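Only one structure is covered here, and it is reproduced in the block below.
Note that the structure is predicted; figures quoted are calculated from it, not measured.
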Amino acid sequence: MSQDTPVSVVPLLSRALQRIRATPPRIIASPPTQPRRAAVALVIRVVPSPHSPPPPTPTTQPTLQQFFDLDWVKDPHAKPEILFLQRENPANNGDAPFSQGRVRHTTEAHVAFPGGRMEPDDEGGSYTAMRQTWEELGIDLAEKHYICIGQLDDREITTSLGKRLLMILSPFVFLQVAPSAPPADPVPTTQLHWTPLGSLISPNSKPQWSSVTVDAASRLTPKNSAILRVVVRLLVGTMQFPAIVIQPSQDENVSGEEGLVDEKKKSQQRESIAEKGTPPRRPQGAKQELKLWGLSLGMTLDLMSYMVLPTAEEEANLSEYERKSRTGARKRGSRDGGAGNWSGSSGPSTPLSEVMQLPWADSASAQDFRMEYVAPSLASVFPRFSYPDVNFWIWVFGKRYREVVRGWEGSVRAGGTNDRRINWSGSALSTFYAAIRKALIVVIAARALGILFGLGFAAWWIFGQ
């Protein structure tokens, strides 16, 4: 393969979508005490190569296999992209439970997927995702330009460090099967960001890891207890969640359709936005840094985890192009010497192991168990506290959590797929949050005793002399 030819992630995307369609999702039933549910849409498209003539628009909707067999889709310069949005007010965001107590930065913005709560009249989760996408972005996922690939695993949205269930979230994956689609018409408070998948998973462009800081007191104290919140903040500090800084294809383009729609359509979109109002402006003096974190990062990692490299039996059925793409990625990962390289391991690997080292893992723990392979979404919801002793006590009380993760890894390695009969993610989350609660109790008690001892010693020193 020529060095000038880019390593396309289209074969990995094709494999991932085929696996999502063939794998039944884990459905979580809503308990009677908390029946609320929500759904989001993960919208993916493939942008045709700018070096080739514009491909014709299909007259009929192709199947998933037919779409990836199209010449313009198999072009090495074709670019798969995933849709994120930036809300001025994240109250309707699926990440809303994680937005409380967030430390605000004028140069930082957070992205998410379109979606929202399920209404009583909705026919199901996919209908909710499509309705919310239409209402907020003006993208009609029911049109022939899109097909619904399937659903990822349900996930529980909790607060108070996992003790209280807020709702059940269902992610649905949609694919644009046409080279172009009608332009989006987002509400004034929303901006669209089409982001290349290659910037998240390609070995040529590793993602830029960062963090989002959250006030730990917002998780532990009532909203109206200002004094108690200040005290807890001093005792516990803040939490840092992993985040990825995304680089959209057209950062300034509201619709994300630049290069795919003509000037007439763009003019009509500008008139529509002018009627609705002016989109929110960015802070002056600095460019906003777009961060993917929380539930949205977890769902993105779950999607990318389906791009698992094939086993020996499946390797024989790969095309020559797919085999070269994967071999090149493995060689580059080994040459770079990253912690994600599974040297000597006979089990299946993943592109995430070579190009997506988790920020909270050192080389030793990375060789112990690959979190992004076993439980990619869990890597995005485990915080690191600003006080080192809190992290130490979490590790001390995290024995049960580590046993659950190792059991999960053993299940995946033994069968090649997740054991659908066991709620591994729920067990891992509950045991990890239990370790956090125990650690916080020890830390707060130790700090309180230290303060009392200090006050007593000061009183003795002052009045006892």
Side-chain angles (χ1 to χ4, degrees), residues 1 5-25 41-83 124 126-127 129-130 133-134 139-152 171-184 194-198 200-202 249 256-257 259-261 302-311 313-326 351 417:
M1 185 179 296
T5 303
V7 178
S8 176
V9 299
V10 171
L12 294 178
L13 175 63
S14 173
R15 174 179 175 83
L17 298 186
Q18 295 283 2
R19 293 186 61 186
I20 292 174
R21 170 159 287 188
T23 304
L42 283 67
V43 185
I44 302 171
R45 72 178 183 184
V46 178
V47 179
S49 170
H51 308 293
S52 303
T57 301
T59 56
T60 59
Q61 186 182 76
T63 64
L64 185 60
Q65 186 61 48
Q66 291 173 345
F67 173 76
F68 283 102
D69 287 338
L70 296 174
D71 292 335
W72 68 269
V73 177
K74 295 190 294 184
D75 191 312
H77 294 277
K79 183 171 62 175
E81 295 179 337
I82 186 169
L83 176 62
S126 61
Y127 182 89
M130 290 189 291
T133 303
W134 168 251
I139 297 178
D140 191 355
L141 297 177
E143 291 289 338
K144 64 178 181 179
H145 304 89
Y146 304 91
I147 58 174
C148 181
I149 301 300
Q151 178 186 347
L152 301 179
F172 291 86
V173 181
F174 294 85
L175 175 67
Q176 179 181 310
V177 293
S180 62
W194 285 101
T195 303
L197 279 175
L200 301 176
I201 198 171
S202 172
S249 297
E257 297 290 339
L260 298 180
V261 298
D302 275 353
L303 170 67
M304 295 166 64
S305 71
Y306 280 91
M307 301 180 185
V308 175
L309 296 181
T311 59
E313 294 78 8
E314 296 171 323
E315 186 77 30
N317 298 326
L318 287 178
S319 65
E320 185 67 20
Y321 173 67
E322 290 176 318
R323 189 177 295 108
K324 287 182 178 180
S325 297
R326 288 159 170 79
T417 58

**Prompt:** Could you go step by step and tell me if Phe68 and Leu175 meet the side chain to side chain contact (heavy atoms under 4.5 Å, CB included) rule?
**Reply:** CA-CA 11 Å; Phe68 283 102; Leu175 175 67; 4.1 Å; yes
**Request:** Output the distance between atom NZ (Lys79) and atom OG1 (Thr195), rounded to the nearest 0.5 Å.
**Result:** 10.0 Å
**Message:** Contact between Tyr146 and Ile139 at the side-chain level, heavy atoms closer than 4.5 Å - yes or no?
**Reply:** yes
**Message:** Treating Gln61 as the side-chain partner and Lys144 as the backbone partner, does any N or O pair qualify as donor plus acceptor under 3.5 Å?
**Reply:** yes
**Request:** Heavy atoms only: give me the nearest Thr57-Ser180 pair and the separation to one decimal.
**Result:** OG1-OG, 4.4 Å
**Message:** Given 3.5 Å as the limit, does a donor-acceptor pair link the side chain of Arg21 with the main chain of Cys148, or not?
**Reply:** yes
**Request:** Taking the side chain as every heavy atom from C-beta outward, state whether Pro48 and Pro54 have any atom pair closer than 4.5 Å.
**Result:** no
**Asked** Taking C-beta and beyond as the side chain, do Pro55 and Leu70 meet within less than 4.5 Å on heavy atoms?
**Response** no
**Atom pair CG/CG of Leu197 and Leu12 - distance to nearest 0.5 Å** = 10.0 Å
**Item:** Value rounded to 0.5 Å, distance of CD1 in Ile82 from CZ in Phe174
**Value:** 12.5 Å
**Prompt:** Between Ser14 and Val10, is there a donor-acceptor pair closer than 3.5 Å when you use the side chain of the first and the backbone of the second?
**Reply:** no
**Asked** Roughly how far apart are Gln18 CD and Leu13 CG, rounded to 0.5 Å?
**Response** 10.0 Å
**Request:** Find the distance between CD1 (Ile20) and CG (Leu152) and round it off to the nearest 0.5 Å.
**Result:** 5.0 Å
**Request:** Could you grab the distance from atom NE2 of His145 to atom CZ of Arg45, nearest 0.5 Å is fine?
**Result:** 13.0 Å
**Complete:** Residue set satisfying side chain to side chain contact (heavy atoms under 4.5 Å, CB included) with Thr63, at least two apart, ordered chain then number -> Gln65, Gln66
**Request:** State, with a plain yes or no, whether a side-chain heavy atom of Phe67 is found less than 4.5 Å away from one of Val46.
**Result:** yes
**Nearest heavy atoms of Pro171 and Leu42, plus distance in Å** = CB-CD1, 4.0 Å
**Message:** Testing the basics here: between Ala78 and Ser8, what is the closest heavy-atom pair and its distance to 0.1 Å?
**Reply:** O-OG, 4.4 Å
**Item:** Worked check of side chain to side chain contact (heavy atoms under 4.5 Å, CB included) between Ile149 and Ile44
**Value:** CA-CA 10 Å; Ile149 301 300; Ile44 302 171; over 6 Å; no
